Protein chains: 2
Amino acid sequence: MKIATWNVNSLNVRLPHTLRWLQENQPDILALQELKLDQDKFPETEFTRIGYHAAWNGQKTYNGVAILSRQPLEQVTIDIPELNEPQKRIIAASINDIRIICAYCVNGEAVGSEKFAYKERWFAALNAYMRSELAQHPKTILLGDFNIAPHDIDVYDPKKWQDKVLCSPQERSWFQQLLQLGLTDSLHHLYPDSAHYTWWDYRMNMFKRKLGLRIDHILLSQSLLPALREVQVDSTARGWERPSDHAPVMATLA
Amino acid sequence: MKIATWNVNSLNVRLPHTLRWLQENQPDILALQELKLDQDKFPETEFTRIGYHAAWNGQKTYNGVAILSRQPLEQVTIDIPELNEPQKRIIAASINDIRIICAYCVNGEAVGSEKFAYKERWFAALNAYMRSELAQHPKTILLGDFNIAPHDIDVYDPKKWQDKVLCSPQERSWFQQLLQLGLTDSLHHLYPDSAHYTWWDYRMNMFKRKLGLRIDHILLSQSLLPALREVQVDSTARGWERPSDHAPVMATLA
DNA sequence: GTGTGTGTAG
DNA sequence: CTACACACAC
C-alpha cells in the first residue's frame with residue numbers, strides 16, 4: 001500500500017499537478033494540505049474521474065485539507081473536537097482498518113510571536129486528539145505538513161536555523177511528544193542519518209540550490225511499523241512548472 | 001511604408017506579443033499605448049535587438065506610450081505642453097520628414113462623470129496641440145487609442161451604445177474637430193461603410209462573439225492622404241494567448 | 001476579465 | 001517568491 005502527503009499550496013493552482021502526480025505515482029491514499037479553497041469549491045469530480053474517493057475540509061484563502069483514496073473513506077471527521085477554532089487544518093478518515101489523520105499544522109511565524117503561542121496550544125490539542133485516536137485505532141497514520149523539522153539532519157543549514165521557527169527546541173519537543181504517543185517518523189526510522197527535504201522556500205532559488213527543510217512527515221502507529229518498506233520524497237514535482245513549495249512524500253507499506 | 005498602432009494594455013505582460021507582432025508584420029513604425037510601466041522599466045534592448053529605435057513616455061500602473069521605428073527618432077517630445085498633468089498619454093517624434101504623434105486618449109468612464117469632463121478638457125488641449133503640430137509639419141500622423149468610436153458603423157450595437165461613453169455625440173464632435181484641422185481617419189476613408197473593430201471587452205466573450213468597437217485610429221494629414229494604400233486591423237493578435245483587449249491597426253503608405 | 005498596487009501570509 | 005483579498009481602472 002502506498003500512502004502519500006503533499007502540501008499543494010492552493011489546489012486551485014495545483015489541480016493539474018495533483019492529477020498528474022496521482023497518475024504517475026498511483027498512491028492508494030494521498031493527503032493534501034493548504035487547499036486554500038472553500039468547502040463548496042473542492043474539485044471532487046476531477047478525482048472521482050480517475051478513481052479516487054475524496055473527503056475534504058475546505059476554507060477560503062487559508063488552510064484546507066483533504067484525503068484522497070482508492071478505497072472508500074469512512075468515519076470522516078474534521079477538525080480537532082476540543083479545539084474550537086475556525087481554521088481548517090485537520091481531516092480524518094478510516095480506510096479499511098487504518099485510521100488516517102491528515103494535518104496542516106500551524107506555521108508559527110517566529111519564535112515568541114503570538115502565532116508561535118498559538119502553535120504551542122495547537123500542538124497540545126493535536127497531542128490530546130492523537131492520544132484519543134490511537135486508543136481507538138491501533139492502525140493509525142498521522143501525516144501532513146507539521147511545520148517542524150525534527151532534527152538537524154532535516155535542515156540544510158542547522159546553525160542558521162538554530163532556535164528559528166520550524167527548528168526550535170520547543171517545536172521539536174512538541175514533535176517528540178507526538179512520537180511518545182506511539183508514533184514513528186517513518187522516513188527518519190528508515191534513514192536516520194540522511195538528509196531528505198520536503199520544502200524549499202520559493203525565494204532565492206532555494207530549490208535549485210538544494211537548500212530545504214524536512215517538515216512534511218508520515219507517522220505510523222506501532223502496529224503498522226513492521227509493514228513499512230520505503231519512504232520517498234518526490235522532489236521532481238518541486239521542479240515542475242509553477243510548483244508548490246512542498247514536494248510529495250510517499251510511504252510504501254507491505 | 002507601414003505604420004501601426006497598438007494599445008498593448010501592459011507592456012510588461014505583452015512584450016512577447018509585441019515582439020512577435022513586429023517580427024511577423026515588419027512595420028516601419030509602431031505606436032504603443034498603455035505601457036503601464038515606469039520610464040526606467042522600458043525594455044529598450046528587446047526592441048533594439050530586432051532593429052527598432054524606441055522613444056517612450058512611461059508611467060507606473062497607468063497610461064504610458066511609446067514609438068518604435070526602424071529609422072531613427074528625432075525631435076522627440078512628450079506630453080501636451082499646455083496641459084499640466086502627470087498622466088503620460090502623448091509622445092511625438094519626427095521620422096525623416098514625417099511627424100508622428102502617438103496618443104492614449106482619456107477613456108472618460110461615463111458620460112457626465114468627472115472623468116468625462118476631464119476627457120473634454122483633454123481633447124480640447126489635444127486639438128490645440130495638433131493645430132500647432134500641423135502648422136509645423138505638413139506630413140503628420142496622429143495615431144493611437146482615441147477611446148472614441150466615430151460612427152455607428154464602428155460599434156457592434158449602436159443602439160445599446162447610443163449616448164454611452166466612447167460613442168456619445170459630444171465625443172464624436174471632439175473627434176470631428178480633430179479631423180477639421182486637416183486630418184483624415186484613414187480606415188474610414190478607405191472603408192466608410194464596413195465594420196472594423198479594434199477593441200473587444202475582455203468580459204462576456206466579446207471577442208469570440210465578434211462584438212467590438214473601433215476606437216484605435218490612424219489619422220493622416222492632407223499631404224499624406226494621396227499615399228494611403230491600405231489600412232488593416234490585425235484581429236488575430238486579439239486571439240492569441242493572454243491578449244491585449246485591443247488589436248493592432250496598420251496603415252500602408254506608398 | 002484582465003491588469004496593477006497594496007497588504008497579508010507562508 | 002508565490003498566492004490570496006481587496007481596491008481601482010478600463
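From a predicted model like this one, the values you see are computed outputs, not experimental measurements. In what follows, chains carry the letters A, B, and so on, assigned in the order in which the sequence lines appear, proteins first and then strands, with residues in each chain numbered from 1. Values below: all heavy atoms of this structure, side chains included; hydrogens, waters and symmetry mates excluded.
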Any idea which heavy atoms bring [X] and [Y] closest together, and the distance?
X: A54(B); Y: F42(B); value: CB-CE2, 3.8 Å
X: K119(B); Y: V106(B); value: CE-O, 3.0 Å
X: P243(A); Y: A237(A); value: CB-O, 3.7 Å
X: N127(A); Y: L178(A); value: ND2-N, 3.7 Å

Over how many whole Å does the gap from [X] atom [atom1] to [N] atom [atom2] extend?
X: D245(B); N: dC10(D); atom1: CG; atom2: P; value: 12 Å
X: Q33(B); N: dG3(C); atom1: CD; atom2: P; value: 18 Å
X: N63(B); N: dC10(D); atom1: CG; atom2: C1'; value: 11 Å
X: E34(B); N: dG3(C); atom1: CD; atom2: P; value: 12 Å
X: E171(B); N: dC10(D); atom1: CD; atom2: P; value: 13 Å
X: L35(B); N: dT4(C); atom1: CG; atom2: C1'; value: 14 Å
X: E109(B); N: dC8(D); atom1: CD; atom2: C1'; value: 10 Å
X: Y104(B); N: dC10(D); atom1: OH; atom2: C1'; value: 6 Å

note = Result for ring pair (Phe, Tyr, Trp, His ring centres under 6.0 Å) between W174(A) and one of W122(A), F116(A), F146(A) points to F116(A)

Under-4.0 Å side-chain N/O to phosphate OP1/OP2 contact, [X] with [N]:
X: R14(B); N: dG3(C); answer: yes
X: S244(A); N: dT2(D); answer: no
X: R242(B); N: dG1(C); answer: no

Using nucleotides 5-7 of chain D, report all nitrogen or oxygen pairs with the protein that are shorter than 3.5 Å.
{"from": "dA5(D)", "atom 1": "OP1", "to": "T61(A)", "atom 2": "OG1", "distance (Å)": "3.4"}

request  = Using heavy atoms and a sub-4.0 Å distance, could you list which residues of residues 198-218 of chain A are near DNA chain D? By number, please.
outcome  = Y202(A), R203(A)

task = Side chain of N107(B) only, please: which of dG3(C), dC10(D), dA9(D) is the nearest?
result = dC10(D)

query = Does the distance from a Lys or Arg side-chain N to an Asp or Glu carboxylate O, for D79(A) and R89(A), drop under 4.0 Å?
reply = no

query = What residues, two or more places apart in sequence or in another chain, satisfy salt bridge (charged side-chain N to carboxylate O under 4.0 Å, His left out) together with D154(B)?
reply = R214(B)

ask   = With a 4.5 Å limit on heavy-atom distance, are the side chains of V233(B) and L187(B) in contact?
value = yes

key: Chi angles and distances behind the salt bridge (Lys or Arg N to Asp or Glu O under 4.0 Å) call for D152(A), R172(A)   = CA-CA 10 Å; D152(A) 278 354; R172(A) 287 177 174 177; 2.8 Å; yes

